[in-house]
Amino acid sequence: MNLDHTVFLAQRYERVWQLYEQLGFTLSPPSRHFAAGTSGSEPTLSCTANRCTYFGDSFVELIGIVEAKAGDPWHVLPIVARGDGLHGVSFGVPDTEAAERRLREAGLSKSGVLSLQRDVDTPEGPRTARFRSVHLLRDRTPEGILHTAEHLTPEYVFQPQFLSHANTAKGLDSVQLVVADADLPAYTRRYEQILDQKPTNNSFALSTGRLDLVPATRLDDVLPGEQAPRLPYFAAQTVAVETLTPARKLAADAGLPTVDLRDGGFFVPAAHAGGAALGFVER
């Protein structure tokens with residue numbers, strides 16, 4: 001299992017897209033979602049569209065609510081009502097049926113296998129990118145949207161023209177989920193079931209990327225100056241870069257403040273990064 005992509009939801013999506021471009025990310029063109037609401041049903045038009053920053057084995061999905069009156073088969077509107085920001089994570093799996101069976105037997109999912117597609121531009125013309133997914137029960141994941149992802153057409157997603165970034169980004173490094181201290185044992189057990197592995201020091205190292213569980217009393221140690229708007233919540237996502245210098249310069253040129261991370265690297269605070277802190281680390 002790997003950290004396939006993060007789910008950033010925004011009502012003010014054009015502002016978020018512009019921010020990420022200012023920070024040196026190459027974004028794919030806007031692409032409208034068609035999603036199935038139930039297992040076996042056909043995908044229908046969704047209220048969302050995305051632009052993504054692709055890295056070859058992972059990506060950041062910046063989702064905009066582009067037509068609120070359109071369908072909402074994946075129920076994102078109640079989530080984005082909390083405010084723009086990082087509202088979910090998708091974990092890559094090679095076998096959706098096996099993931100569905102394991103998560104259902106653990107009492108974490110009833111979705112069955114869901115289909116998702118969106119049209120994308122390629123050098124050869126328009127193509128349809130297709131995916132399969134298993135969604136976790138929202139009442140078991142109050143932090144936001146959690147699901148698996150299986151790419152059926154990765155060649156239409158990770159296109160070479162989108163993989164080079166001015167900030168030298170090369171992959172998703174980690175996601176930080178902040179929980180109440182008293183809830184940490186329960187969240188640890190739940191993510192052990194979701195990810196089918198044990199953590200080390202509250203951190204789940206995946207085949208690519210990492211999920212960190214952060215007790216609320218340690219938030220300032222991990223992300224100095226950040227304040228939790230609610231608990232639980234996805235506080236930050238961090239990308240790995242070849243070198244920090246271009247990313248720092250791009251942030252400065254855009255007039256965005258940065259804060260040093262205690263283990264190296266830096267982050268742009270949530271208030272200046274569209275609603276969730278965005279970190280850069282050298283790997």
Side-chain angles (χ1 to χ4, degrees), residues 3-23 25-37 43-55 58-92 111 114-121 128-136 138 141-151 153 156-159 162 165 169 172 175 177 209 229 233-239 268 270 273-278:
L3 186 58
D4 186 79
H5 68 276
T6 54
V7 180
F8 194 113
L9 293 174
Q11 299 275 7
R12 300 176 63 188
Y13 57 92
E14 291 179 328
R15 171 176 172 265
V16 172
W17 292 347
Q18 181 185 43
L19 271 169
Y20 273 70
E21 288 180 320
Q22 288 177 318
L23 285 165
F25 293 101
T26 299
L27 297 187
S28 59
S31 178
R32 196 71 182 266
H33 288 108
F34 289 77
T44 59
L45 184 66
S46 173
C47 58
T48 59
N50 73 15
R51 297 186 72 186
C52 300
T53 175
Y54 294 116
F55 307 118
S58 58
F59 64 99
V60 173
E61 184 178 22
L62 304 172
I63 298 177
I65 309 301
V66 298
E67 188 182 356
K69 293 182 180 180
D72 186 22
W74 282 15
H75 308 292
V76 300
L77 293 178
I79 299 294
V80 77
R82 302 173 186 173
D84 292 0
L86 187 61
H87 286 298
V89 180
S90 184
F91 301 105
S111 73
L114 302 176
S115 297
L116 174 70
Q117 67 187 54
R118 51 187 174 84
D119 293 336
V120 298
D121 293 325
T128 300
R130 301 180 186 277
F131 315 84
R132 297 197 303 171
S133 179
V134 178
H135 283 207
L136 276 76
R138 294 281 174 86
T141 60
E143 60 268 34
I145 300 168
L146 290 180
H147 50 67
T148 68
E150 181 183 1
H151 292 260
T153 54
Y156 299 151
V157 175
F158 300 110
Q159 298 183 56
F162 300 132
H165 305 278
L172 268 174
V175 172
L177 171 59
Y233 89 113
F234 288 106
Q237 57 186 334
T238 300
V239 297
V268 178
L278 175 62

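Hydrogens, waters and symmetry mates are skipped; everything else that's a heavy atom, side chains included, is used.
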Open item on the list: Give me each pair satisfying salt bridge (charged side-chain N to carboxylate O under 4.0 Å, His left out) with a member in residues 7-17, each pair once, sequence neighbours excluded.
Closed with: none

Using atom types as modelled, flag every donor-acceptor pair under 3.5 Å from a side chain in residues 64-73 to any protein atom, sequence neighbours excluded.
unit_1 : atom_1 : unit_2 : atom_2 : d
Glu67  : OE1    : Arg32  : NH1    : 3.3
Glu67  : OE1    : Arg32  : NH2    : 2.6
Asp72  : OD1    : His75  : N      : 3.2
Asp72  : OD1    : Val76  : N      : 2.9
Asp72  : OD2    : Val76  : N      : 3.2
Asp72  : OD2    : Leu77  : N      : 3.2

Please enumerate all residues that pass ring-ring contact (aromatic ring centres under 6.0 Å, His included) together with [X], with sequence neighbours excluded.
X	result
His87	none
His33	none
Phe55	His165

TODO: Look at the aromatic rings of Phe158 and Phe59 and report parallel, tilted or perpendicular, splitting at 30° and 60°.
DONE: perpendicular

TODO: Kindly write out the residues that satisfy salt bridge (Lys or Arg N to Asp or Glu O under 4.0 Å) with Glu61, not counting sequence neighbours, or none if the list is empty.
DONE: none

With heavy-atom distances below 4.5 Å as the criterion, would you say the side chains of [X] and [Y] are in contact?
X	Y	answer
Val157	Val120	no
Phe91	Asp4	no
Ile145	Leu9	yes

Out of curiosity, [X] [atom1] to [Y] [atom2], how far, rounded to the nearest 0.5 Å?
X	Y	atom1	atom2	result
Phe8	Leu86	CZ	CG	7.0 Å
His5	Gln237	NE2	CD	11.0 Å
Glu143	Tyr233	CD	OH	13.5 Å
Tyr20	Thr26	OH	OG1	14.5 Å

TODO: Please answer whether the main-chain N or O of Leu146 pairs with a side-chain N or O of Thr141 as donor and acceptor at a distance below 3.5 Å.
DONE: no

TODO: Look only at the side chain of Ser115 and the backbone of Pro43, and say whether a donor-acceptor pair between them is shorter than 3.5 Å.
DONE: no

Which atoms form the tightest heavy-atom contact between [X] and [Y], and what is the distance?
X	Y	answer
Ser28	Arg51	O-NE, 2.8 Å
Thr128	Tyr156	O-CD1, 3.5 Å
Gly274	Leu19	N-CD1, 3.6 Å
Trp17	Pro30	CZ3-CG, 4.2 Å
Phe162	Pro29	CZ-CD, 3.5 Å
Arg118	Cys52	NH2-SG, 4.1 Å

Task: Passing option when Trp74 is tested against Ser46, Ser111, Ser133 for side-chain contact (heavy atoms from CB on, under 4.5 Å) - done: Ser133

- [ ] Using side-chain contact (heavy atoms from CB on, under 4.5 Å) as the criterion, point out the one residue from Thr6, Val16, Val7, Asn50 that pairs with Leu62.
- [x] Val16

- [ ] Determine, stepwise, if the pair Tyr13 / Val80 fulfils side chain to side chain contact (heavy atoms under 4.5 Å, CB included).
- [x] CA-CA 11 Å; Tyr13 57 92; Val80 77; over 6 Å; no

- [ ] Go through the steps to decide whether Ile79 and Arg138 satisfy the test side chain to side chain contact (heavy atoms under 4.5 Å, CB included), and finish with yes or no.
- [x] CA-CA 10 Å; Ile79 299 294; Arg138 294 281 174 86; 3.7 Å; yes

